[in-house]
Protein chains: 2
Amino acid sequence: MESTNLIPEECGRTLRPVRDALDVLNGKWKLPIIVALTFGEKRFGEIAKEVHGITDRMLSKELRDLELNGLVKRNLYDTYPAKVTYTLTAHSQTLYEVIESLRKWGELHRKKMVSDDK
Amino acid sequence: MESTNLIPEECGRTLRPVRDALDVLNGKWKLPIIVALTFGEKRFGEIAKEVHGITDRMLSKELRDLELNGLVKRNLYDTYPAKVTYTLTAHSQTLYEVIESLRKWGELHRKKMVSDDK
DNA sequence: CAGGATCCCATAGGATACTG
DNA sequence: CAGTATCCTATGGGATCCTG
């Protein structure tokens, strides 16, 4: 929590990369989709089942977006019937820390909200 | 990066807190505002200057939102002219890890994008 | 200076239906 | 099963102007 030892000029140097990251990760679904894929190769319908509430349209759109950003790989198996899966790329696996810190904070925040409501 | 040792049932247990966190932090401006306040108590105009591109309306709106969520404290100094500052709360200081991981990933991602474009 | 009020637009996101 | 197409609404976010 030692944030006060940072000099003011550093503010911009922190803000820029944070905003870079948010530009790519922002939205309701991108990180949840990546989380789901963290647990292994998955098909369209499997992701949809894990990420509760997402519609086909959004999943399709976000997967395409993530693929364009090099965060997700689409794998087409030439079998019959054709099979499609999605996996993380090496690059999106570097998101591990981001997801872990969000998970931890989300748990903390929920606890706080519950105790505040009392 | 040892994500593969996680069992499938854990997927939901990771997804829920991540989505809880995103519900509160989502949007273009909330985290950048918090980052700016990480560097100390700041007035409205000072935040606006640090967080490039934000409009008064959005800053006002987001500060209110963050205050409601217990992430930012509004301090009214009873001087003349009246002075208002914003500071982080103890709770938002627990976001330090989230911000740090986003900062690191943002830097990594930018490097990757640059080298990909070549 | 700190923001609220208003107006407007673009995009995120949802519902439903449909196809290879 | 794995999406696409359409249509719709809600919200995020910008521009501008106004006030204590």
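Reckoned from all heavy atoms, side chains included, excluding hydrogens, waters and symmetry mates. Just so we're on the same page: letters track the sequence lines, and every chain starts at 1.
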*Roughly how many Å is it from CD1 in B/I54 to C1' in C/dA2, rounded to a whole number?*
14 Å

*Scan for salt bridge (Lys or Arg N to Asp or Glu O under 4.0 Å) pairs involving residues 85-104 of chain A, sequence neighbours excluded, and state none if there are none.*
A/E97-B/K104, A/E100-A/R103, A/R103-A/E107, A/K104-B/E97

*Contacts of type side-chain contact (heavy atoms from CB on, under 4.5 Å), residue A/R64, not counting sequence neighbours*: A/S60

*Rounded to the Å, how far apart are A/D65 CG and C/dG13 C1'?*
13 Å

*Check step by step if side-chain contact (heavy atoms from CB on, under 4.5 Å) holds for A/Y86 and A/I33.*
CA-CA 10 Å; A/Y86 294 90; A/I33 289 169; over 6 Å; no

*End-to-end bend of the helix from C/dC1-D/dG20 to C/dG20-D/dC1 (five-pair axes, 10° rounding)?*
50°

*asked:* Whole angstroms only, please: what is the CG-C1' distance between B/L59 and C/dC1?
replied: 13 Å

*Under 4.0 Å between a Lys/Arg side-chain N and an Asp/Glu carboxylate O for B/E10 and B/R13?*
yes

_How would you summarise protein contacts on nucleotides 2-9 of chain D per nucleotide, using B for base, S for sugar-phosphate only and - for none, with heavy-atom distances below 4.0 Å?_
SBS-B---

*DNA chain C-proximal residues of residues 19-36 of chain A, any heavy atom under 4.0 Å*: A/G27, A/K28, A/W29

*List in chain and number order the residues that pass salt bridge (charged side-chain N to carboxylate O under 4.0 Å, His left out) with A/K61, two or more places apart in sequence or in another chain; answer none if no residue qualifies.*
none

*Between C/dG3 atom P and B/E62 atom CD, what is the distance in whole Å?*
14 Å

*In whole angstrom, what separates B/M58's CE from D/dT16's P?*
17 Å

*Mind calculating the distance between CG (B/N75) and P (C/dA2) to the nearest angstrom?*
13 Å

*Set of residues satisfying side-chain contact (heavy atoms from CB on, under 4.5 Å) with respect to A/K73, sequence neighbours excluded*: A/N75, A/T87, A/T89

*Among pairs that include at least one residue of residues 24-33 of chain A, which meet salt bridge (Lys or Arg N to Asp or Glu O under 4.0 Å), considering only residues two or more places apart or in two chains?*
A/K30-A/E62, A/K30-A/D65

*Under the side-chain hydrogen bond (donor to acceptor under 3.5 Å, both in side chains) test, residues paired with A/D20 that sit two or more places apart*: B/R110

*salt bridge (Lys or Arg N to Asp or Glu O under 4.0 Å): pairs with one or both residues in residues 85-96 of chain B, sequence neighbours excluded*: none

*Please identify each residue that fulfils ring pair (Phe, Tyr, Trp, His ring centres under 6.0 Å) with B/W29, with sequence neighbours left out.*
none

*Pairs involving residues 48-83 of chain A, ordered by first then second residue, that meet ring-ring contact (aromatic ring centres under 6.0 Å, His included) (sequence neighbours left out)*: none

